[in-house]
Amino acid sequence: MLVNAIRQKVSEVISKAYGSEIEFEVEIPPRKEFGDLSTNVAMKLAKTLKKNPREIAQEIVKSLDEDPSFDRIEIMGPGFINFFLSNELLRGVVKTVLEKKDEYGRENVGNGMKVQFEYGSANPTGPFTVGHGRQIIIGDVLSEVYKELGYDVTREMYINDAGKQIRLLAQSLWARYNQLLGVEKEIPEGGYRGEYLVDIARDLVNEIGDRYKDLWNEEVEEFFKQTALNRILSSMKDTLEKIGSSFDVYFSEKSLIEDGTVEEVLKLLKNKDVVYEKDGAVWLKVSAFIDEEDKVLVRSDGTYTYFMTDIAYHYKKYKRGFRKVYDIWGSDHHGHIPRMKAAMKALDIPDDFFNVILHQFVTLKRGGEIVRMSTRAGEFVTLDELLDEVGRDATRYFFAMVDPNTHMVFDIDLAKAKSMDNPVYYVQYAHARIHNLFSNAEKKGVKFEEGKHLELLGNEEERVLMRNLGMFNTALKEVAQMFAPNRLTNYLQSLAESFHAFYTKHVIVDPENPELSNARLNLALATGIVLRKGLKLIGVSAPERM
RNA sequence: GCCCCCGUAGUUCAACGGAUAGAACGGCGGAUUCCUAAUCCGCAGAUGGAGGUUCGAUUCCUCCCGGGGGCACCA
């Protein structure tokens with residue numbers, strides 16, 4: 001709210017003085033001598049106006065000097081305008097937080113726009129990996145933040161339950177089943193070698209005995225497909241529960257084939273004359289739209305490629321009324337983006353509808369060794385195992401705090417051994433301390449009245465804390481704009497830091513000073529509200545005791 | 001070979017083109033008769049290399065080096 005206020009005041013001045021609008025930053029300066037907030041607007045204007053930035057700054061400051069929101073405004077360096085906020089303005093932040101409570105930080109920038117985040121989408125051919133975990137957390141945080149910002153958000157997971165890999169899965173399971181019954185069967189080329197299929201096979205032996213021993217036909221294939229899918233999907237849902245994620249929609253790829261969407265879209269593309277047949281397959285003229293090679297939609301054996309069903313899926317999303325969709329993909333799917341865009345163009349779907357947020361891989365380290373992850377090779381650490389070892393809160397926070405575009409290294413030994421030093425505890429501890437202050441106040445007979453005596457707040461630590469409380473909404477907007485959940489953890493970290501500083505330096509509950517105590521408890525309460533809200537957006541608990 | 005991403009303290013990460021590049025862990029040294037020391041304070045320690053654009057570059061451009069990923073009738 002502080003940034004909004006300053007931005008507005010400055011914008012008014014420059015539009016009046018220069019009749020121009022310009023993008024500029026309002027941010028926390030690197031040193032406290034530079035004030036509570038500062039802007040680079042004069043330097044930005046200097047370029048377009050071809051004037052000395054310090055001169056421009058002078059003029060802007062002149063117009064704002066009388067404003068009671070500021071104790072003073074200074075110009076520093078090449079033309080930074082540094083604002084020293086009045087206590088009055090800062091106390092207003094506390095008041096607002098206390099009034100709005102859980103709704104503090106909300107702002108309607110989305111105007112109810114219907115958007116979708118699709119993430120966590122996985123082949124149901126094995127358990128979620130640690131990499132999926134990263135994607136799920138990124139998607140969760142972005143979804144929650146977009147909701148706060150007034151978007152109508154749907155969280156959706158696409159289940160790739162069609163296609164060749166499901167058949168391979170069935171064959172792999174069948175091989176494991178037979179191996180347990182003493183029949184030597186090889187896992188097919190490119191099949192799934194993970195231990196989890198042995199577990200499923202073992203259950204199967206108990207349930208159906210040797211009914212399908214050394215027997216393979218269409219019916220058996222269907223049985224093994226269904227069994228494998230059901231079992232794996234249900235354990236994936238267990239993992240989602242464990243990590244604390246739930247989706248609004250689980251969308252089946254197979255359903256697109258069964259309900260005729262794929263055929264409909266194929267016909268549509270044919271009518272638009274952007275497909276052709278070659279070598280017995282049906283191709284999309286990708287090259288007509290972008291500088292890429294044409295791609296197969298229908299294989300010569302009549303089955304659909306992933307590309308085909310994905311086009312149908314996104315066509316359906318469009319028909320479902322989403323104005324924008326954001327697909328969160330691992331960077332290995334990067335090559336899929338241009339041709340999907342081409343397909344959207346071919347279907348006359350607006351350019352800004354289909355958006356992809358890429359995230360880089362997670363490299364695992366265990367015992368100082370890099371662990372390669374591959375579902376097919378069966379060489380991986382599952383998300384489930386990670387959650388058991390590290391815990392939900394730390395896992396979520398850890399993934400949220402790294403920029404999606406960073407190739408992150410997850411050292412399992414380190415995460416386990418040092419779980420007490422995980423940054424999530426730093427934030428949670430601040431929350432627990434706040435809760436404790438109130439039971440302490442009660443114990444010492446210090447009465448608390450909400451919103452009273454705020455005028456007593458104003459020392460350095462209190463001012464920094466109040467200023468930071470006022471930055472919450474700015475942080476949320478950064479998360480949304482940059483698709484960067486780590487902007488939120490960065491914010492919470494600095495908020496917790498300013499609270500710990502305040503707590504360490506000042507006695508908050510002091511029976512000798514009931515009015516000052518009351519004021520400080522109000523500040524603590526407001527801090528607790530924002531911490532709890534921020535942690536909730538990440539899906540991390542805000543403990544009252546640690 | 002072509003395309004995308006990344007190289008920041010010993011390690012794991014920050015820094016929407018801004019001011020003296022911030023943390024945490026690890027190392028060294030301090031703080032508790034007082035609300036939770038899962039905290040606080042101090043010391044040492046970094047932008048892979050070479051050019052360029054800019055008032056200003058970790059950030060943008062070019063080249064080089066190193067790592068990851070992609071170039072299927074796989075998903």
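Order of the sequence lines sets the chain letters (A, B, ...), proteins ahead of strands, with each chain counted from 1.
- Within the 4.5 Å cutoff, no side-chain heavy atoms of L284(A) are placed close to those of Y276(A).
- Residues from residues 287-295 of chain A with heavy atoms under 4.0 angstrom of RNA chain B, sorted by number: K295(A).
- The gap from the P atom of A50(B) to that of U58(B) amounts to 13 Å, rounded to the nearest Å.
- Residue Y426(A) places at least one side-chain N or O closer than 4.0 Å to OP1 or OP2 of C40(B).
- For the pair R72(A) and E74(A), the salt-bridge criterion is met [side-chain N within less than 4.0 Å of a carboxylate O].
- At least one side-chain heavy atom of Y158(A) sits under 4.5 Å from a side-chain heavy atom of L256(A).
- Taking the six-membered ring for Trp and thresholds of 30 and 60 degrees, F398(A) and F410(A) have ring planes inclined between 30 and 60 degrees apart.
- Look at R339(A) and you won't find any side-chain N or O under 4.0 angstrom from OP1 or OP2 of C71(B).
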Hey, what are the protein-to-nucleotides 6-12 of chain B N/O distances that come in under 3.5 Å?
residue: C6(B); atom: OP1; partner: N405(A); partner atom: ND2; Å: 3.0
residue: C6(B); atom: O4'; partner: H407(A); partner atom: NE2; Å: 3.3
residue: U12(B); atom: O3'; partner: V409(A); partner atom: O; Å: 3.4

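- Comparing A281(A) and E25(A) along RNA chain B, the residue whose closest nucleotide (by nearest heavy atom) sits nearer the 5' end is E25(A).
- Using a cut-off of 4.0 Å between Lys/Arg side-chain N and Asp/Glu carboxylate O, D327(A) and K317(A) are scored as salt-bridged.
- Interface remark: the E27(A) side chain does form a donor-acceptor pair with the C16(B) base, using a distance-only criterion of under 3.5 Å.
- Separating the P atom of C4(B) from that of C64(B) is a span of 14 Å, rounded to the nearest Å.
- An OP1 or OP2 oxygen of C55(B) is reached within less than 4.0 angstrom by no side-chain nitrogen or oxygen of R54(A).
- A donor-acceptor contact under 3.5 angstrom links the side-chain atoms of R31(A) to the base of U20(B).
- One donor-acceptor pair, N or O on each side, does fall under 3.5 Å between the base of G56(B) and the side chain of K47(A).
- The separation of A21(B) from A57(B), taken at their C1' atoms, amounts to 12 Å, rounded to a whole angstrom.
- Taking side-chain N and O atoms only, Y425(A) has no distance below 4.0 Å to OP1 or OP2 of A38(B).
- Remark: K51(A) engages E59(A) in a salt bridge, criterion side-chain N to carboxylate O under 4.0 Å.
- When the C1' atom is used for both G48(B) and G67(B), the distance is 11 Å, rounded to whole Å.
- For the pair E25(A) and K44(A), the salt-bridge criterion is not met [side-chain N within less than 4.0 Å of a carboxylate O].
- At the heavy-atom level, A441(A) lies nowhere under 4.0 Å from the strands shown.
- Rounded to the nearest Å, the gap between the P atom of C63(B) and that of G27(B) is 44 Å.
- Taking the ring centre of F499(A) as origin, the terminal cationic atom of R433(A) falls outside the region bounded by 6.0 Å and 45° from the ring axis.
- Whole-Å rounding puts the F80(A) CZ to U20(B) C1' distance at 13 Å.
- The P atoms of A72(B) and C3(B) are separated by 16 Å, rounded to the nearest whole Å.
- Here, G18(B) and G10(B) have their C1' atoms 30 Å apart, quoted to the whole Å.
- Side-chain atoms of S38(A) come within donor-acceptor range of the base of A19(B), with a qualifying N/O pair under 3.5 Å.
- The separation between L358(A) atom CG and C3(B) atom C1' is 13 Å, rounded to whole Å.
- Side chain to side chain, R134(A) and H359(A) fail the donor-acceptor criterion of an N or O pair below 3.5 Å.
- Mapping N82(A) and Q493(A) onto RNA chain B via the closest heavy atom, the residue that lands nearer the 5' end is N82(A).
- Taking the C1' atoms as reference points, U54(B) lies 42 Å from C28(B), given to the whole Å.
- K505(A) forms no cation-pi arrangement with F502(A), by the criterion of a distance under 6.0 Å to the ring centre and an angle within 45° of the ring axis.
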Quick test: give all pairs of protein nitrogen or oxygen and nucleotides 42-45 of chain B nitrogen or oxygen below 3.5 Å, distance rounded to 0.1 Å.
none

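- Between N486(A) and the phosphate of A15(B), there is a side-chain N or O to OP1/OP2 separation shorter than 4.0 Å.
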